[in-house]
Amino acid sequence: MADITHPPMEQLQDLEYCIDSNPPWGETILLAFQNYILMLGTNVMIPSLIVPAMGGDNGDKARVIQTLLFVAGLNTLLQALFGTRLPAVVGGSFTYVIPIAYIVGDSSLQRITDNHERFLHTMRAIQGALIVASSIQIILGYSQVWGLLSRFFSPLGMAPVVGLVGLGLFQRGFPVLGECVEIGLPMLILIIGLSQYLKHVKPFRDLPIFERFPVLICVTIVWIYSVILTASGAYRNKPIKTQLSCRTDQANLITTAPWFKFPYPLQWGPPTFSAGHSFAMMAAVLVSMVESTGAYKAASRLAIATPPPAYVLSRGIGWQGIAVLLNGLFGTSTGATVAVENVGLLGLTRVGSRRVVQISAGFMIFFSTLGKFGAVFASIPIPIFAAIYCVLFGLVASVGLSFLQFTNMNSMRNLIITGLSLFLGLSIPQLFNEYWNPARRGLVHTNAGWFNAFLNTIFSSPATVALIVAVFLDNTLEVEKSKKDRGMPWWVKFRTFRGDNRNEEFYTLPFNLNRFFPPT
C-alpha cells in the first residue's frame, strides 16, 4: 500500500490551461478554429441524413447546414457567457432523430407530392415541435427544478452516466470509420501517434504543436490524401455507399451552397403545431438534458473547474432550452445539445480555456454566412471525423469513470450499482436500436405514433438508461449507511454555489450580472 502514489484528486493536474486561463492569442485562434472543424462532423451528418428524407434537394441541405452552424455559434456563445460558462460547444444532436423521423413519416406530410413543398411543410412541423418542446428545458432549468433533482446525484451515480455519454456513441466511431477504411484507419493511427507519441516534440519554439493541434494537422494531411484518391478515380466504379463515404466531392455542398446567406428566424415560413409531434419531441429534449448534464460534468473536470453546482447546472439547462427554441425558430432540422467530441478535445489538447470556445463560436457564425467557404470545410469525408471520435468519445468515457475514485470500490453495493448501470445502459439501447428504422418505428409499436417515438427515444439513449438505473439504485439501496462509500462527503460541497469558494471564480456571470441574478 505504501507504493500507491495517486490519491483521489478533485482537479486534474496535467492540463496546461484551465477555464479562466488563456493561451497566447495566435494559439487561441488556431485552437478555436480546431474546435470549429471538429464540430462540423455531427452538424453536417444530421442534415445529410434528415433533409433528403424530408424531400429536400442538395441546395436545401446546404442551406440547412448553414443554418445549423449559425445557430450552433449563437448557442455556444450564449452558453459560454450566461449558461454554465463551461468551455462546451452546443450543436446539433442525433438524439432528435427518432421524433424527427416520426414527423417526417406523418401521413399528412407524405401525401404532399411536390418534394420541395413536402420539405417546407415538414420543416415547419419540426420547427413547431421544437418550439413547444423547448419549454420543458426552459421551465425545468429556470425554475431550478433540474438543480433540485441533481441533489440525488452522487459520484457513484454520475460515473456511469458520464461514462456512457462517451461510450454510448460507439456506433459513430469505428463502424463509421469502417465505411472508408483506407481514409479512416490512417487518420486514427495518425491522430494517436501525433497526440500521444509526439506530444513533447516542439519544432517551433516552446509550442508542442502535435499536442495542441492534432485535429488540424491530421485532418489536413488525410483530407489531402482523400482528395488525391478522389481525383485519381480510385472510387469511380465503387458502390454508391462507398462513394458517399470516401469521395470529397460527393456531398455537392460546395456547388450548391450560396456565396453569402444570412440565416434568419422563420426563413422556411410559419411553424405548424401538432400535439403529437410536440409530445414526441419532448422525449428528445429530456434525453438531451441528461446527456448534456453528463457532458457538463466531464467538461468541468477537463477545464480544471469544480463540478457545476445545482444552480449553475439549472442555469445551463435553461439556456439550453433557449438553444432548442432558437433551433426551432431558425429551422435547423434538429435540436441542440453539448457536443461530446468537443468536450473530449479539451483533454486531448490539455486546454480548457473558455475563451477558445467563445472564439470558435465566432468561426461558426462567420463561415455559416459565407456559404462557399464553409462548404469547403464541410466536405471533409465523415470517416475522418469517425476516427477522431474513437479517441475523443473514449476520453470522455474515461473522465466519467474517474469519478469512481471518490467512492469505495471495495463495496459490493457500489460494484453492483456501477456494473448494472453500465451494462443495462449499453444493453437496453442496443435492443431498441436494433428494432428501430424509419419503416418499423422501433421496439415500441402501438397505434399512437407519438407514444412510440417518446419511449423509443428515451430507451435508445445509453446515458438516460444509466441515469435511471444508477440514480434509482443509489438512492434506494442502504442510503444512510453508504454515504461515505457513495462519495457524498466530497460531493456535497458542490451542491450549492457558496459551498466552495472556487465556484465564484469559475461560474460567476459576466458584466456583474450576479447582482440581478444572485446565485443560491
Side-chain angles (χ1 to χ4, degrees), residues 42-43 45-56 64 68 91-110 122-134 136-137 164-165 168-172 175-176 274-292 294 320 323-324 327-328 331-340 424-468:
T42 298
N43 291 278
M45 266 193 278
I46 294 172
S48 299
L49 177 71
I50 292 172
V51 171
M54 295 165 62
V64 171
L68 181 54
S93 172
F94 276 96
T95 298
Y96 293 80
V97 167
I98 293 177
I100 287 171
Y102 159 63
I103 295 172
V104 170
D106 190 299
S107 58
S108 64
L109 296 169
Q110 288 296 316
T122 305
M123 177 63 82
R124 293 169 191 167
I126 293 171
Q127 286 182 261
L130 285 170
I131 289 169
V132 173
S134 68
I136 295 290
Q137 279 191 346
L164 288 183
V165 164
L169 299 170
F170 69 91
Q171 290 177 331
R172 287 170 53 197
V176 178
S274 161
H277 295 169
S278 300
F279 278 118
M281 196 66 76
M282 285 176 186
V285 167
L286 291 170
V287 167
S288 74
M289 228 168 29
V290 172
E291 294 176 348
S292 292
Q320 194 167 303
V324 176
N327 278 49
T332 62
S333 78
T334 185
T337 194
V338 175
V340 178
L424 292 181
L426 287 171
S427 187
I428 292 175
Q430 180 65 23
L431 174 65
F432 275 78
N433 288 328
E434 283 177 3
Y435 275 83
W436 190 87
N437 62 53
R440 293 179 66 181
R441 296 286 184 263
L443 185 64
V444 181
H445 194 70
T446 67
N447 291 328
W450 65 269
F451 181 75
N452 302 338
F454 191 97
L455 286 186
N456 287 325
T457 300
I458 295 290
F459 290 104
S460 294
S461 165
T464 306
V465 173
L467 181 84
I468 294 169

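By convention here, the first residue in the shown sequence is residue 1. Note: hydrogens, waters and symmetry copies are ignored here, and every other heavy atom, side chains too, is used.
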Would Met281 and Ile103 satisfy side chain to side chain contact (heavy atoms under 4.5 Å, CB included), going step by step from the backbone distance to the final call? CA-CA 9 Å; Met281 196 66 76; Ile103 295 172; 3.8 Å; yes

Side-chain donor-acceptor pair under 3.5 Å between Tyr96 and Ser288, yes or no? yes

If you take all heavy atoms of [X] and [Y], which pair is closest and at what distance?
| X | Y | result |
| --- | --- | --- |
| Ser278 | Gly128 | OG-O, 4.3 Å |
| Thr337 | Ser292 | OG1-OG, 2.8 Å |
| Ser333 | Met54 | CB-SD, 4.5 Å |
| Gly328 | Leu130 | CA-CB, 3.8 Å |
| Ser134 | Val285 | N-CG2, 4.5 Å |
| Leu164 | Ala466 | CD1-CB, 3.6 Å |

Trp450 and Phe279 aromatic ring geometry - parallel, tilted or perpendicular at 30°/60° bounds: tilted

Distance, nearest 0.5 Å, that separates [atom1] of [X] from [atom2] of [Y]:
| X | Y | atom1 | atom2 | result |
| --- | --- | --- | --- | --- |
| Ile126 | Ser274 | CD1 | OG | 12.5 Å |
| Leu286 | Thr95 | CG | OG1 | 11.0 Å |
| Phe451 | Asn456 | CZ | CG | 9.5 Å |
| Gln137 | Met289 | CD | CE | 6.0 Å |
| Ile98 | Ile458 | CD1 | CD1 | 10.0 Å |

List the steps, then state whether side chain to side chain contact (heavy atoms under 4.5 Å, CB included) holds for Thr464 with Phe459. CA-CA 7 Å; Thr464 306; Phe459 290 104; over 6 Å; no

Under 4.5 Å between any side-chain heavy atoms of [X] and [Y], yes or no?
| X | Y | value |
| --- | --- | --- |
| Leu68 | Pro47 | yes |
| Gln110 | Val104 | yes |
| Val64 | Met123 | yes |
| Glu291 | Val338 | no |
| Asp106 | His277 | yes |
| Val465 | Pro429 | yes |

Please evaluate residues Gln171 and Gln430 with respect to the criterion side chain to side chain contact (heavy atoms under 4.5 Å, CB included), reporting the C-alpha separation (whole Å), side-chain torsions for both, the decisive distance (0.1 Å), and the verdict. CA-CA 10 Å; Gln171 290 177 331; Gln430 180 65 23; 3.6 Å; yes

Output all residues satisfying side-chain hydrogen bond (donor to acceptor under 3.5 Å, both in side chains) with Thr332, sequence neighbours left out; order by chain, then residue number. Asn327

Sorted by chain and number, sequence neighbours left out, side-chain contact (heavy atoms from CB on, under 4.5 Å) with Ser107 holds for Arg111

Side chain to side chain contact (heavy atoms under 4.5 Å, CB included) for Thr42 and Phe94? Distances and angles first, verdict last. CA-CA 8 Å; Thr42 298; Phe94 276 96; 3.9 Å; yes

